[in-house]
Amino acid sequence: MTDRPDLPLLVTGATGVLGREVLRHARATGRPVRALTRRTAPPADADTHWCTGDLTAGTGLDAAFTGADAVIHCASDPRHPKNDLPAFRHLLAAARRAGVRHVVNISIVGVDRIPLAYYRIKRQGEELLAGSGLGWTNLRATQFPQLLDGMLRPLGRLPVLPMPSRTPVQPVDPGEVAARLVELALGDPVGHAPDLAGPETRPATDLAAAWLRARGSRRPVLPVHLPGRAGRLLRAGALTSPGHADGTRTWDDYLAARR
């Protein structure tokens with residue numbers, strides 16, 4: 001292995017749900033840690049060297065990437081997903097200029113199966129990474145509980161809570177994904193790493209009912225049949241990876257911690 005413990009790990013998307021956890025685990029290694037942010041006034045953090053740069057615009061990147069051993073790429077813009085591809089191209093170009101040893105990318109279980117625009121863009125990002133000429137590792141994970149929670153909150157204001165029927169979901173804790181990403185970044189590039197999924201697969205309607213109970217709500221869950229190819233694939237388990245249920249924190253664990 002060519003890992004250099006004196007060289008920094010660089011984290012993109014470091015202020016997001018996953019990025020914050022990656023920073024925590026990266027700092028625990030004792031390695032120097034850098035974090036890329038668009039903010040001109042970065043967070044005050046003695047354990048992290050914050051660098052200001054914009055992946056979408058491709059500005060300010062060389063100062064952040066130069067001298068980095070590995071990059072853990074967590075930055076994404078689900079509200080403007082088309083920005084993700086130019087951002088990834090700029091990241092890979094900066095990594096090549098800087099001679100970065102290893103780029104580790106987080107992706108989503110199902111990007112190669114679900115015909116949704118955001119998933120197609122994530123899949124194209126994987127292809128950019130594989131063709132970059134850099135040492136690379138790609139990790140696909142299942143959905144975070146925080147994502148499901150964010151989807152349920154507006155729906156939970158309705159008289160009934162609509163959820164896709166007969167659709168299995170396998171949420172995984174972002175802290176466990178972060179630990180895996182850091183572990184991968186410290187090792188040699190492996191290409192496509194094994195998926196990381198949560199410890200249990202449950203119907204989306206079941207997760208929604210548990211969410212309502214945790215909030216003390218008596219609203220009923222309304223199962224909704226999703227039509228078309230996407231609906232069929234979701235019901236077939238395209239969002240799950242049962243053979244890689246390596247996470248330990250369950251949906252109920254997440255709900256209990258939120259009380």
Side-chain angles (χ1 to χ4, degrees), residues 13 16-18 73-88 105-131 138-174 176-177 192-212 219-247 250-251 254-255:
V17 169
L18 178 61
H73 182 40
C74 302
S76 185
D77 188 354
R79 291 176 298 179
H80 307 95
K82 290 185 179 180
N83 289 341
D84 281 5
L85 292 178
F88 210 170
N105 179 57
I106 182 64
S107 189
I108 309 169
V109 166
V111 293
D112 55 341
R113 291 174 281 178
I114 300 293
L116 298 177
Y118 183 59
Y119 278 38
R120 285 195 294 268
I121 287 170
K122 295 296 286 186
R123 177 63 177 147
Q124 289 174 321
E126 293 182 347
E127 293 168 353
L128 287 175
L129 180 63
N138 186 73
L139 174 67
R140 292 176 181 170
T142 51
Q143 288 68 39
F144 296 157
Q146 290 84 347
L147 173 65
L148 299 174
D149 193 358
M151 293 172 58
L152 289 167
R153 285 180 182 275
L155 296 175
R157 302 188 189 102
L158 301 173
V160 295
L161 197 162
M163 285 298 287
S165 62
R166 297 184 288 118
T167 298
V169 186
Q170 194 177 4
V172 65
D173 181 73
E176 296 180 320
V177 176
H192 287 292
D195 295 346
L196 180 55
E200 58 180 6
T201 301
R202 294 168 61 180
T205 49
D206 186 24
L207 298 182
W211 183 85
L212 287 167
R219 287 183 175 88
V221 175
L222 175 66
V224 176
H225 179 81
L226 295 182
R229 180 167 175 255
R232 290 194 300 273
L233 289 167
L234 290 171
R235 288 188 291 277
L239 293 179
T240 68
S241 188
H244 298 96
D246 298 323
T250 67
W251 175 244
Y254 170 79
L255 295 176

**Sequence neighbours excluded, every pair satisfying side chain to side chain donor-acceptor pair (under 3.5 Å) that has a member inside residues 159-169** = none

**Prompt:** Which pair of non-hydrogen atoms, one from Leu196 and one from Gly247, has the smallest distance, and what is that distance?
**Reply:** CD1-N, 4.2 Å

**Request:** Give a yes or no on whether the backbone of Ala238 and the side-chain of Arg113 come within a donor-acceptor separation of less than 3.5 Å.
**Result:** yes

**Prompt:** Checking Arg229 side chain against Pro115 main chain: does a donor-acceptor pair fall under 3.5 Å?
**Reply:** no

**Message:** Nearest 0.5 Å, please: how far is CG in Asn138 from CG in Asp195?
**Reply:** 9.5 Å

**Message:** Ignoring hydrogens and geometry beyond distance, is a side-chain donor-acceptor pair present between Gln170 and Thr142 at under 3.5 Å?
**Reply:** no

**Prompt:** How far apart are the closest heavy atoms of Val177 and Ala141, and which atoms are they?
**Reply:** CG2-CB, 4.0 Å

**Request:** Considering non-hydrogen atoms only, spot the tightest contact between Pro159 and Arg219 and give its length.
**Result:** O-CG, 3.7 Å

**Prompt:** Which distance, rounded to the nearest 0.5 Å, do you find between the CG of Leu148 and the OH of Tyr254?
**Reply:** 8.5 Å

**Request:** Go through Lys122 and Ser76 one step at a time and tell me if the side-chain contact (heavy atoms from CB on, under 4.5 Å) criterion holds.
**Result:** CA-CA 9 Å; Lys122 295 296 286 186; Ser76 185; 4.3 Å; yes

**Message:** Is any side-chain heavy atom of Ile121 closer than 4.5 Å to one of Leu85?
**Reply:** yes

**Fill in**
For Val172 and Gly198, the nearest pair of non-hydrogen atoms, with its separation, is CB-N, 3.5 Å

**Asked** Which atom names give the shortest non-hydrogen contact between Pro162 and Val224, and what distance separates them?
**Response** CB-CG2, 3.8 Å

**Prompt:** Does the side chain of Ser107 reach to within under 4.5 Å of the side chain of Val111, using non-hydrogen atoms?
**Reply:** yes

**Asked** OG1 of Thr201 to CG of Leu239: how many Å apart, nearest 0.5 Å?
**Response** 10.5 Å

**Message:** Does any part of the side chain of Ile106, heavy atoms only, come nearer than 4.5 Å to the side chain of His73, both counted from C-beta?
**Reply:** no

**Request:** Indicate yes or no for a side-chain donor-acceptor contact from Arg235 to the backbone of Leu226 under 3.5 Å, with no hydrogens or angles considered.
**Result:** yes

**Fill in**
In terms of heavy-atom contacts, Ala208 and Leu152 come closest through CB-CD2, 4.0 Å

**Complete:** Here the gap from Leu129 atom CG to His192 atom NE2, rounded to the nearest 0.5 Å, amounts to 8.0 Å

**Fill in**
Here the gap from Gln143 atom CD to Met151 atom CE, rounded to the nearest 0.5 Å, amounts to 8.5 Å

**Request:** Nearest 0.5 Å please: distance from the CD atom of Glu126 over to the CG atom of Leu139.
**Result:** 10.0 Å

**Contact check, side chains of Pro145 and Trp251, non-hydrogen atoms, under 4.5 Å** = yes

**Prompt:** Where do Asp149 and Phe144 land on the side-chain contact (heavy atoms from CB on, under 4.5 Å) test, with the steps shown first?
**Reply:** CA-CA 9 Å; Asp149 193 358; Phe144 296 157; over 6 Å; no

**Request:** Would you mind reporting whether Met163 and Pro223 have side-chain heavy atoms less than 4.5 Å apart?
**Result:** no

**Donor-acceptor contact present, side-chain Asp84 to main-chain Asp77, <3.5 Å** = yes

**Item:** Heavy-atom check, side chain of Pro203 versus side chain of Val169, under 4.5 Å
**Value:** no

**By salt bridge (charged side-chain N to carboxylate O under 4.0 Å, His left out) - contacts of Arg232 (at least two apart)** = none

**Non-hydrogen side-chain atoms of Ile108 and Tyr118 separated by less than 4.5 Å** = yes

**Asked** Will you find, in the side chains of Tyr119 and Asp112, an N or O donor that is under 3.5 Å from an N or O acceptor?
**Response** no

